[in-house]
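I have placed the structure first, in the form of structure tokens, so that the comments after it can refer back to it.
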Amino acid sequence: VTPAQDSAEVKDLLTGPEIRIYESENQQLSNGAVVRVDSAGYFMSGSTIKMEQGAEAAYKINVPVDGKYKIDTVYINGTGSVLGQSPNHNPLNIKQTFTVDQGEPKDILLKSTLTKNITGMVTEYVDLKAGEHTITFRTKDNGTIYHDFMVVTLDRGYGEKRSVNK
């Protein structure tokens, strides 16, 4: 390990030009997506968004440079879970579509988290040009998904070696 120089710039580990966090409840919601405020214990604000079949959430994001980005979305999927009642316990995976800007929707699978108190994460990689973009999720299946937050991380700038010491 090489110690940093006293003159080295110290940056916040959670945010910066290579990583951005977007709270779900601050995004554009439509087709029945609603903010759920009784979600104590979830990231930052303690709120999530509830997305039943057909509901949409559009995240407005801004990326600093052209490159490949990792999109991590933290969610809750307790659909079909009835803990302690094995005859009625039938956890379900739920499909949503993932769309970048006005592109072709891609099906993604949000696996069961068994309860409404445990989170899961789904990851997608996308190529983006510097500037503003819209990432839209739409619930396809009959069930309920809760989105907590989304993290957008620069995986690699084109022609650049990945570095965490910028």
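Just so it is clear, the model here is predicted, and its values are computed rather than measured.
- The backbone N or O of Glu56 lies less than 3.5 Å from no partner atom in the side chain of Asn31, so there is not a single donor-acceptor pair.
- Note on residues 69-80: pairs passing salt bridge (Lys or Arg N to Asp or Glu O under 4.0 Å), not counting sequence neighbours, are Lys70-Asp72.
- Within the 3.5 Å criterion, the main-chain N or O of Lys68 finds no donor-acceptor partner in the side chain of Asp155.
- Here the shortest heavy-atom pairing between Asn88 and Val82 reads O-CG2, 3.6 Å.
- The backbone N or O of Thr144 sits less than 3.5 Å from a side-chain atom of Thr79, completing a donor-acceptor pair.
- A pairwise comparison of heavy atoms in Ala55 and Gly32 identifies CB-C, 4.1 Å as the closest pair.
- The ring pair (Phe, Tyr, Trp, His ring centres under 6.0 Å) pairs that include a residue from residues 83-128 are Phe98-Phe137, where partners are two or more places apart or lie in different chains.
- Side-chain atoms of Asp148 never come within 3.5 Å of backbone atoms of Thr48 as a donor-acceptor pair (strictly under, hydrogens ignored).
- Gln27 contributes a side-chain N or O that, together with a main-chain N or O of Lys60, makes up a donor-acceptor pair within less than 3.5 Å.
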After noting the C-alpha distance and the side-chain angles of Val152 and Tyr22, does the key distance pass the side-chain contact (heavy atoms from CB on, under 4.5 Å) rule?
CA-CA 8 Å; Val152 179; Tyr22 297 89; 3.7 Å; yes
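- The two residues His147 and Ser24 come nearest to each other via the heavy atoms CB-OG, 3.3 Å.
- Under the salt bridge (Lys or Arg N to Asp or Glu O under 4.0 Å) criterion, Lys140 pairs with Asp107, not counting sequence neighbours.
- The shortest non-hydrogen separation linking Gly67 to Leu154 is CA-CD1, 4.3 Å.
- Listed by first then second residue, pairs satisfying salt bridge (Lys or Arg N to Asp or Glu O under 4.0 Å) with a partner in residues 85-94 number zero, not counting sequence neighbours.
- Sorted by first then second residue, the ring pair (Phe, Tyr, Trp, His ring centres under 6.0 Å) pairs that include residues 102-124, not counting sequence neighbours, number zero.
- Using modelled atom types, one side-chain atom of Arg20 and one backbone atom of Asn62 make a donor-acceptor pair closer than 3.5 Å.
- Looking only at side-chain heavy atoms (C-beta outward), Val100 and Ile135 come within less than 4.5 Å of each other.
- By the ring pair (Phe, Tyr, Trp, His ring centres under 6.0 Å) test, Tyr75 pairs with no residue at all, sequence neighbours left out.
- Ile94 and Gly143 make their closest contact through CD1-CA, 3.9 Å (heavy atoms, listed as atom of the first residue, atom of the second, distance).
- The line from CD1 of Ile108 to CG of Asn93 is 12.0 Å long, rounded to the nearest 0.5 Å.
- In Glu124, the CD atom is crowded: over 12 heavy atoms of neighbouring residues, nucleotides or ligands sit closer than 6.0 Å.
- With hydrogens and angles ignored, the 3.5 Å screen pairs a side-chain donor or acceptor of Thr113 with a backbone N or O of Asn77.
- Remark: Glu52 engages Lys50 in a salt bridge, criterion side-chain N to carboxylate O under 4.0 Å.
- Pro64 and Ala130 make their closest contact through O-CB, 3.6 Å (heavy atoms, listed as atom of the first residue, atom of the second, distance).
- By the rule that hydrophobic residues join a cluster once side-chain heavy atoms approach within less than 4.5 Å of another member, Leu114 and Leu110 end up as members of separate clusters.
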Tell me, with the steps shown, if Arg138 and Gln96 meet side-chain contact (heavy atoms from CB on, under 4.5 Å).
CA-CA 5 Å; Arg138 180 178 179 277; Gln96 287 193 318; 6.0 Å; no
